[in-house]
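Indexing begins at 1, ligand by ligand and atom by atom, following the structure's order.
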Amino acid sequence: MREDMAKYRRMSGVQPQSFRDLETPPYWAAYDTGLELLGHQEAALALPWLEEALQESLAQVESCRAGCEGPEEQQKAEEEAEGTGSPGGLYEAIAGHWIGVLRCRQRCVGDTATRPGRSLPVPDFLPSQLRRLYEAHAQVGNLSQAVENVLSVLLFYPEDEAARKALDQYQAQLGEPRPGLGPREVIQRFVLRSLGEKRQLYYAVEHLGASFKDPDPWTPAAFIPEALREKLREDREKTPWDHEPPQPKPLTHWKDVLLLEGVTLTQDARQLNGSERAVLDGLLTPAECGVLLQLAKDAAESGARSGYQGRRSPHTPHERFEGLTVLKAAQLARAGVVGSQGAQLLLEVSERVRSLTQAYFSPDRPLHLSFTHLVCRSAIEGEQAQRMDLSHPVHADNCVLDPDTGECWREPPAYTYRDYSGLLYLNDDFQGGHLFFTEPNALTVTAQVRPRCGRLVAFSSGVENPHGVWAVTRGRRCSLALWHTWAPEHGEQEWTEAKELLQEPEKEEGEGMPSRDPAPEPPSHRLQRVQDKAGKPPRVREEL
Ligand SMILES: O=C(O)CCC(=O)C(=O)O
Ligand SMILES: [Fe+2]
């Protein structure tokens, strides 16, 4: 559905106003418009939208809270479902009812911050709206309003350094102190009321055995019983939105970490108009590309015999798509269906990419391969005229991209543990098929890369790097696609299994299928280089 929408949006003559969302409450539209205008440096135009979004979301919270006083039966049913119903006498029943009401009220911010169809709320919804408001007001010179909003943020986060700094700056710019300039009243009431409720709820947790899942990251530690603090801290560390994309490092930094002989950095993140992305050349010799292309070809041709078959692309009906994992390659090599040289080189090259990606992006933290496959996309002849679709629609590799809002949800079905992506291209004798990066709106192209033998495009797998592939309209485009993870438990078990399989001694002539190995030896310096750096291959499990 999302892809269809993106397709329609790309069609010529289609205007953004051709689309009407009948589902999303209006404060989301105001919020999104405000954010979009801010993204285009239009603070003055963004402000009325951001203001409307804040007021309307506060109104939504109030209407949600009013629903919490609903019929007792409904509360009871909820508590029973949660297993927190309180047995006992009248006082217990009153306390139980009140706890239910308070919990329900506390949930309202999270409910308001959750878009229709989403399972997670926009984190810290109200404080982050206030932050945008103070920045936008300051940009257009409304310093008094900037002060009111920054003071409102400080009600949630009294120690917030950025907000304090901003406040000092605005006050200095304003000159003498303005009496009567304080936080927004509505926010002051909101915070005080919420803190009052939290105090009661945490009392109930500590003394009455009630349960309470605090939706807010801003609750002062002093409110939270000692025993709960550690657990809450751990839970918060796990929340996906904590990960701010690291700042790009200057080119000179990377020059020092490109240890592999013959590899050059062709474009860094700045040249590619983004963050954490790079194009490196010279990772494969033409002979090595030849070996891997032959491997893909032999595997595809052996399809029927081996159970490995090219199929229509999952992304477009106009292309065929063949994918070969390292383990499948090793198995086919053992069965004599493909040359073992190719399968061996596939393993070796994936380790080459891993060590380079680690050196380049994550020198202080080991990266593990989490999934590797050799992919070919082939244009289906006679179906290419006026193709409107892409070979691979715009996506991010570790989160579910919502182009309408530019948000990316690091939750299943995305492979959330992927941290860095790599595409190592093997050929250029096809038409179309450039990789491109976009803004999170999935429409504005920020950079394009033309595949060629030995070219690696490496990038972090999150929202900062949405990407897609233009239609392949003639020929066959092959690449090695790899994903890396910091999490050892998601390391690729298949890599180790494939390595072991290929190391097993060959069976005697006549015992098994004869090994066919037409491929030339890859240059030996390459093998040497990888063995030097490889260390122990990562341990992992299969994934697709
Ligand atoms: O083949 C490419 O250039 C990109 C493929 C891709 O983005 C993916 O498989 O996730
Ligand atoms: Fe991708």
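Thr446 and Glu439 are not linked by any side-chain donor-acceptor pair at a separation below 3.5 angstrom, with hydrogens and angles left out of the test. For the residue pair Ser350/Thr372, the side-chain donor-acceptor check at 3.5 Å is not satisfied.
In this structure, His395 has its ring center under 6.0 Å from that of His467. A distance of 6.0 Å or more separates the ring centres of Phe361 and Phe459. Aromatic ring centroids of Tyr420 and Trp486 lie under 6.0 Å apart. Not less than 6.0 angstrom separates the ring centroid of Phe430 from the ring centroid of Trp470.
When hydrogens are left out, the protein atom nearest atom 1 (O) of ligand 1 is Arg477 NH1, 2.8 Å; that is the closest non-hydrogen contact. At the shortest separation from atom 10 (O) of ligand 1 among protein heavy atoms lies His395 NE2, 3.0 Å. Given atom 8 (C) of ligand 1, the protein heavy atom at minimum distance is His392 CE1, 3.4 Å. Nearest protein heavy-atom neighbour of atom 3 (O) of ligand 1: Tyr425 OH, 2.6 Å. Scanning the protein heavy atoms around atom 5 (C) of ligand 1, the nearest turns out to be Arg377 NH2, 3.5 Å.
Applying the salt bridge (Lys or Arg N to Asp or Glu O under 4.0 Å) test to pairs two or more places apart or on separate chains, those with a residue in residues 451-460 are Asp281-Arg455. Within the structure, disulfide (SG to SG under 2.5 Å) pairs that include any residue of residues 315-377 comprise Cys376-Cys478 (at least two apart or interchain). For residues 269-297, no residue pair satisfies the ring pair (Phe, Tyr, Trp, His ring centres under 6.0 Å) rule, not counting sequence neighbours.
For a distance threshold of 2.8 Å, the protein N, O or S atoms nearer than that to the Fe ion (ligand 2), listed by chain and number, are His395 NE2, Asp397 OD1, His467 NE2.
Listed by number with element, the atoms of ligand 1 under 4.0 Å from a non-hydrogen atom of Trp483 are 8 (C), 9 (O), 10 (O). For ligand 1, the atoms closer than 4.0 angstrom to any heavy atom of Leu423 are 1 (O), 2 (C), 3 (O), 4 (C), 5 (C).
Using a 4.0 Å cut-off between heavy atoms, Asp397 contacts ligand 1 through its side chain alone, with no backbone atom that close. At a heavy-atom cutoff of 4.0 Å, ligand 1 is contacted by no atom of Trp470, backbone or side chain.
No cation-pi contact links Arg477 to Tyr425, judged by a cut-off of 6.0 Å to the six-membered ring centre and 45° from its axis.
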